[in-house]
Amino acid sequence: MAAPAEFLQYIDANADAFIQRLADAVAIPSISGDARRRGDVVRMAHWLNDQLKALGVDTKLVDLGKQVLDGQELDLPPAILGTLGQDPAKKTVLIYGHFDVQPANKSDGWNTDPFTLVVNKENGQLIGRGSSDDKGPILGWLNVLQYHHEKGIPLPVNLKFCFEGMEESGSEGLDELVQNEAKPGGYFHGVDCACISDNYWLNTRTPVLTYGLRGLTYFKVTVSGPARDLHSGVFGRTVHEPMTDLVHLLGRLVDTHGNILVPGVEEMVPPPDEQEKAIYQQLDYSTADIEEAAGNTIALTSDKVDLLMGRMRNPSLSLHGIEGAFSEPGAKTVIPAKVSGKFSIRLVPPQTPEAVDPLVIAYLKSEYAKLNSKNTLTIENLHGGKPWVADHTHWNFEAAKKATKAVYGQDPDLTREGGSIPVTLTFAESLGVNVLLLPMGRGDDGAHSTNEKLDRSNFIEGSKLLGSYLYELAALTKNQ
Ligand SMILES: NCC(=O)N[C@@H](Cc1c[nH]cn1)C(=O)O
Ligand SMILES: [Zn+2]
Ligand SMILES: [Zn+2]
């Protein structure tokens with residue numbers, strides 16, 4: 001059963017109001033990784049909670065406890081749980097999304113203020129932090145609800161919602177909540193399947209359904225020595241310099257072709273067979289797609305299968321930054337007293353943080369020992385999550401395939417995603433249900449980057465897709 005034509009027309013007719021709602025959401029700088037913005041993440045939770053309530057959802061805000069961030073104890077932002085419909089004759093779909101965003105400053109290289117949604121009338125881009133990751137997709141669900149609420153039409157399925165404000169910072173507190181609420185009598189008891197809209201198409205043309213995510217383990221390594229920052233003219237070549245030690249250490253983690261140098265990490269992953277390679281060969285993707293999305297001709301290889309395997313089924317190690325280093329304009333001749341390098345490893349099955357972390361820690365210590373430095377090394381693991389792979393022949397995926405065909409007139413590609421949404425596996429394991437990733441945005445949206453955007457057509461057609469998926473799911477499972 002396709003979605004009613006009236007629903008599709010309603011989404012088109014209300015597009016401008018939906019974009020205004022997205023602008024209101026983007027205007028709240030809900031950056032979970034910045035202690036100074038914690039109030040804005042909480043404000044965003046209340047804004048979203050009010051929107052859901054106004055659309056007929058029975059909601060509650062759940063306190064997730066506290067965290068320590070940058071040496072400061074902070075309240076975690078509340079999660080939002082919601083229920084709409086409790087008809088025992090209907091399937092119950094759990095919807096997850098996150099209302100926090102990555103940091104963004106105009107000085108990072110944005111052309112416009114990151115927290116003011118800019119509507120580019122010429123190319124249809126909606127530019128602003130969170131437009132694609134993940135406020136646009138969350139609001140896509142609200143657009144679906146608005147039609148049904150306003151017209152007094154019941155949805156074809158029951159819905160449960162779980163929205164969090166810490167996804168970009170390790171989803172602190174959420175696993176415990178999901179595990180508790182999955183128990184008999186808990187909030188999620190009776191959920192039949194889950195849907196997450198929080199990733200992207202591979203390219204700018206072909207919709208995708210996603211059945212895998214990489215896991216993650218995130219490290220902070222700190223080298224400290226002098227009691228204070230030093231003058232390099234006075235102390236250069238007289239003391240062990242923390243930055244020199246750290247750069248050596250970071251340089252031993254990964255080579256310039258992406259190979260991970262920590263012994264045992266790459267070796268955990270079995271090589272692909274020809275059958276698996278054929279899956280990647282069939283996907284609509286080319287070197288040009290990754291280079292267009294990256295904004296330069298810098299792909300590691302021109303072999304499409306190798307590129308796709310690099311993103312989907314192989315681990316990767318990325319260096320993210322150095323805290324405490326001189327990073328302002330000018331030529332300050334300082335020796336920083338304490339510097340912290342940040343890096344993460346994206347994990348694939350059968351890797352887990354529990355298996356990989358000890359190898360990384362042992363390697364960092366042994367490489368550091370080789371430097372014979374009198375400085376001090378400390379290693380912290382900031383957060384982690386396991387990889388996830390789902391059965392894409394399940395009716396949950398079948399419903400999404402039909403909806404994609406109905407809205408976009410083409411079959412979706414089936415992909416595994418290089419990013420991480422740690423709670424996905426928690427939903428799959430603790431609820432024992434199939435989880436589908438149904439993305440809204442395109443591969444060039446620039447999530448986590450400067451000038452993040454969501455195309456207007458992806459927002460509007462994507463809203464139709466989310467609604468159509470619910471109708472197709474109800475039809476496919478009618479007698480089950
Ligand atoms: N859209 C999902 C996403 O961007 N997830 C983040 C999760 C994360 C973990 N630590 C910091 N962020 C990702 O980087 O994949
Ligand atoms: Zn996201
Ligand atoms: Zn993200």
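Order of listing sets the numbers, starting from 1, for every ligand and every atom in it.
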Under 2.8 Å from the Zn ion (ligand 2) - protein N/O/S, by chain and number
His98 NE2, Asp133 OD1, Asp198 OD1, Asp198 OD2
Using heavy atoms and a cut-off under 4.0 Å, could you grab the residues that are in contact with ligand 1, chain by chain, numbers ascending?
Asp133, Glu167, Glu168, Asp198, Tyr200, Leu216, Arg346, His383, Gly419, Ser420, Ile421, His448
Between Asp100 and Arg37, does any NZ, NE, NH1 or NH2 come within less than 4.0 Å of an OD or OE carboxylate oxygen?
no
Is the cationic atom of Lys160 (NZ for Lys, CZ for Arg) positioned less than 6.0 Å from the six-membered ring centroid of Tyr187 and within 45 degrees of its normal?
yes
In terms of side-chain geometry, is the basic nitrogen of Arg205 or Asp413 positioned less than 4.0 Å from the acidic oxygen of its partner?
no
Criterion salt bridge (Lys or Arg N to Asp or Glu O under 4.0 Å) on Arg36 and Asp34, from CA distance to verdict:
CA-CA 5 Å; Arg36 294 163 303 180; Asp34 183 343; 2.9 Å; yes
Test applied, side-chain hydrogen bond (donor to acceptor under 3.5 Å, both in side chains); reference residue, Gln67; option that passes from Gln72, Arg38, Glu73:
Arg38
Determine whether the aromatic ring centres of Tyr408 and Trp201 lie less than 6.0 Å apart.
yes
Quick one: do Asp24 and Arg21 make a salt bridge, cutoff under 4.0 Å?
no
On a heavy-atom basis, which atom in Thr352 and which in Leu347 lie closest, and how many Å separate them?
C-CD1, 3.7 Å
Please work out which of the three classes, parallel, tilted or perpendicular, describes the rings of Phe343 and Phe219, given edges at 30° and 60°.
parallel
